[in-house]
Amino acid sequence: MDRDHHGLFNVLIKITIMAILGEEFSMRLYNPGRIPRSVVPENQEFPMLALSSQLTPESLHYIRNHFPYPSFSPEDWHLDIGGLVRNPVRLHYDDLMRMSMVSLPVTMECAGNKRAFFHPKVRGEQWELGAVSHAVWTGVRLRDILSAANLLSDANEVIFEGMDFGQRTDIKGTFHYSRSLPLAIALHPDTLVALFMNGKPLPFKHGYPARLIVPGWYGMASVKWLRRVLVSDQPFEGPFQKLDYMIYQMNPNLGRRPVTSMKVNSAIVQPTDQSVLKKGIRQVFGVAWAGEHPVTQIHISLDKEHTWQTAVWLDPEQRYSWRRWVWQWDASKEGTYVIKAKAADSVGNTQPLYAEWNVKGYENNSIHQIQVYVE
Ligand SMILES: Nc1nc2c(c(=O)[nH]1)N[C@H]1C(S)=C(S)[C@@H](COP(=O)(O)O)O[C@H]1N2
Ligand SMILES: [Mo]
């Protein structure tokens, strides 16, 4: 699309969204805030109902923490790269700022998003629809930092340590929030040490001075408040690697697997569940996203998945980016309707009617459904 068309397209999108959301949702009159799930550590959802722009404003991006915020003096901060490297490196903020940077729009989703919708209920933060948001992250490619440190040939995992720490309920000890990545993901050109969010220095709550961004992976991989990078030849055994972010079946003999890339998923934003609508042409509005592949299809069913209608995208196809969609519904007959939305990515992964239940309640990408009444 050329520039002019793009501008026109944006205006059309704006008009469509304003029409869908109604005047009370225009930013002038509606002043949304995050939805709190816990205070210490702070956990808050993006208010999905306030979705208007594709980009999530910093003030609404979901927040997920395992521990109280770390305290440190930013002037003393530095990032150490050690372990199986020929040349251990210490980088100060200014060193990172001088390196070449890239910007990537990334939809980040917590692995526990939609946990509240599992049956039977699962312990943990009761995230509904909003532990997912979309921001532009700018930073240094992790592989540039690793190549400056010169990896030894037996390197096969990279461990990232955050500055926040605390205790757990299941095992004794004090732990930092630490996670590892397989070497191939660490060296992927899209894996960033981010210094900026939506064009401004990282907000403290999102990991200032520097955080990892692993596009396409659930949020647990994107370690905030980075202070150490350790290259290793051993599988990392930290509790946020080996105990959490594992899919455990009800039957422990069935084994376990780690949580990695995001599954294709979607949400119906408007109308909301149990709405009463007036007969006529109605807009169903929502958003869909995926992990390592772009989300390419969004379908709506009103008849228990017998037939599917295609919704219209409001945002272009782009890897790592969620896309708003709208479906025009001729709601001319009174009645009770169940509306379901199902997305698919470019390689044909799609959403199940019921995602696989698991002990820790991760990866719930069940088809989202709402019930509405037309009168
Ligand atoms: N240091 C640190 N990094 C962390 C976490 C944390 O608790 N501590 N939580 C992780 C999880 S589970 C998610 S979903 C994302 C959330 O990032 P956000 O708070 O910027 O939205 O951060 C990840 N990085
Ligand atoms: Mo998360």
Side-chain angles (χ1 to χ4, degrees), residues 34-38 40-47 55-72 77 79 106-116 122 124-128 130-139 159-168 174-181 191-198 200-229 238-241 243-247 258-263 265 289 291 322 360-364:
R34 296 183 181 107
I35 302 168
R37 293 285 166 221
S38 73
V40 181
E42 184 178 2
N43 283 297
Q44 299 218 53
E45 286 193 22
F46 167 65
L55 198 72
T56 310
E58 175 211 316
S59 62
L60 296 182
H61 194 288
Y62 85 93
I63 293 176
R64 169 55 171 137
N65 295 307
H66 293 77
F67 295 126
Y69 288 111
S71 63
F72 59 94
W77 180 85
L79 181 62
V106 174
T107 298
M108 190 191 297
E109 183 187 18
C110 183
N113 194 27
K114 298 188 174 183
R115 179 181 285 133
V122 180
E125 306 295 328
Q126 293 303 295
W127 302 110
E128 294 183 4
V132 54
S133 298
H134 183 77
V136 174
W137 303 94
T138 303
I159 303 161
F160 304 90
E161 190 179 276
M163 284 186 278
D164 50 333
F165 61 88
Q167 289 168 349
R168 297 173 53 99
T174 299
F175 302 91
H176 278 262
Y177 185 82
S178 296
R179 291 270 317 169
S180 78
L181 287 176
T191 301
L192 305 182
V193 172
L195 302 170
F196 296 88
M197 176 189 188
N198 294 348
K200 288 186 290 183
L202 279 190
F204 173 70
K205 292 182 174 185
H206 294 291
Y208 180 83
R211 77 175 300 172
L212 205 60
I213 288 290
V214 186
W217 278 44
Y218 282 107
M220 77 279 146
S222 296
V223 177
K224 303 192 277 189
W225 308 293
L226 259 189
R227 68 162 192 187
R228 230 197 307 270
V229 175
F240 297 99
Q241 195 79 25
L243 298 176
D244 296 338
Y245 303 108
M246 283 282 175
I247 303 285
V259 174
T260 59
S261 56
M262 286 156 58
K263 295 198 157 165
N265 214 333
W289 62 94
W322 72 7
K360 295 218 173 201
Y362 299 129
E363 299 184 353
N364 190 348

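Just follow the structure's listing: the first ligand is 1, and inside any ligand the first atom is 1.
Atoms NE2 and CG, on H61 and L55 in that order, are 9.0 Å from each other to the nearest 0.5 Å. The CD atom of Q167 sits 4.5 Å away from atom OG1 of T174, with the distance rounded to the nearest 0.5 Å.
With hydrogens left out, the protein atom closest to atom 3 (N) of ligand 1 is K224 N, 2.8 Å, a heavy atom. Closest protein heavy atom to atom 23 (C) of ligand 1: G219 O, 3.2 Å. At the shortest separation from atom 22 (O) of ligand 1 among protein heavy atoms lies R211 NH2, 3.5 Å. The protein heavy atom nearest to atom 1 (N) of ligand 1 is D164 OD1, 2.7 Å. Of the protein's non-hydrogen atoms, the one nearest atom 24 (N) of ligand 1 is S222 O, 3.0 Å. Nearest protein heavy-atom neighbour of atom 21 (O) of ligand 1: Y62 O, 2.7 Å. Protein heavy atom closest to atom 4 (C) of ligand 1, with residue, atom name and distance, is Y177 CE2, 3.5 Å.
Put simply, the side chain of Y218 never gets that close to the backbone of G112: no donor and acceptor are under 3.5 Å apart. In this structure, the side chain of Q241 engages the main chain of S180 through a donor-acceptor pair within 3.5 Å.
Contact of the W217 side chain with the L181 side chain is registered, since non-hydrogen atoms from C-beta on lie closer than 4.5 Å.
Of the residues listed (R37, Q126, R34, R64), the one engaging E45 in a side-chain hydrogen bond (donor to acceptor under 3.5 Å, both in side chains) is R37, and it is the only one.
Each of the following atoms of ligand 1 lies closer than 4.0 Å to a heavy atom of N65: 7 (O). Atoms of ligand 1 lying under 4.0 Å from at least one heavy atom of V223, given by number and element, are 3 (N), 24 (N). Under a 4.0 Å criterion applied to the non-hydrogen atoms of C110, ligand 1 contributes the atoms 14 (S). Atoms of ligand 1 found under 4.0 Å from any heavy atom of Y245, numbered from 1 in the order shown, are 12 (S).
At a 4.0 Å heavy-atom cut-off, ligand 1 touches M108 through the side chain alone. The proximity of H61 to ligand 1, defined as any non-hydrogen pair under 4.0 Å, is limited to the side chain.
Remark: ligand 1 and W225 share no N or O pair separated by less than 3.5 Å (distance only, no angle test). At under 3.5 Å, a nitrogen or oxygen of H66, whether backbone or side chain, sits near a nitrogen or oxygen of ligand 1. Residue-to-ligand polar distances place H206 within reach of ligand 1: an N/O pair is separated by less than 3.5 Å.
Cation-pi geometry between R168 and F240 is met: the NZ or CZ atom falls under 6.0 Å from the ring centre, inside 45° of the normal.
For the residue pair H176 / R228, no side-chain donor-acceptor distance below 3.5 Å is found, with atom types taken as modelled. A donor-acceptor contact closer than 3.5 angstrom links the side chains of H134 and T107. For the residue pair K205/N65, the side-chain donor-acceptor check at 3.5 Å is not satisfied.
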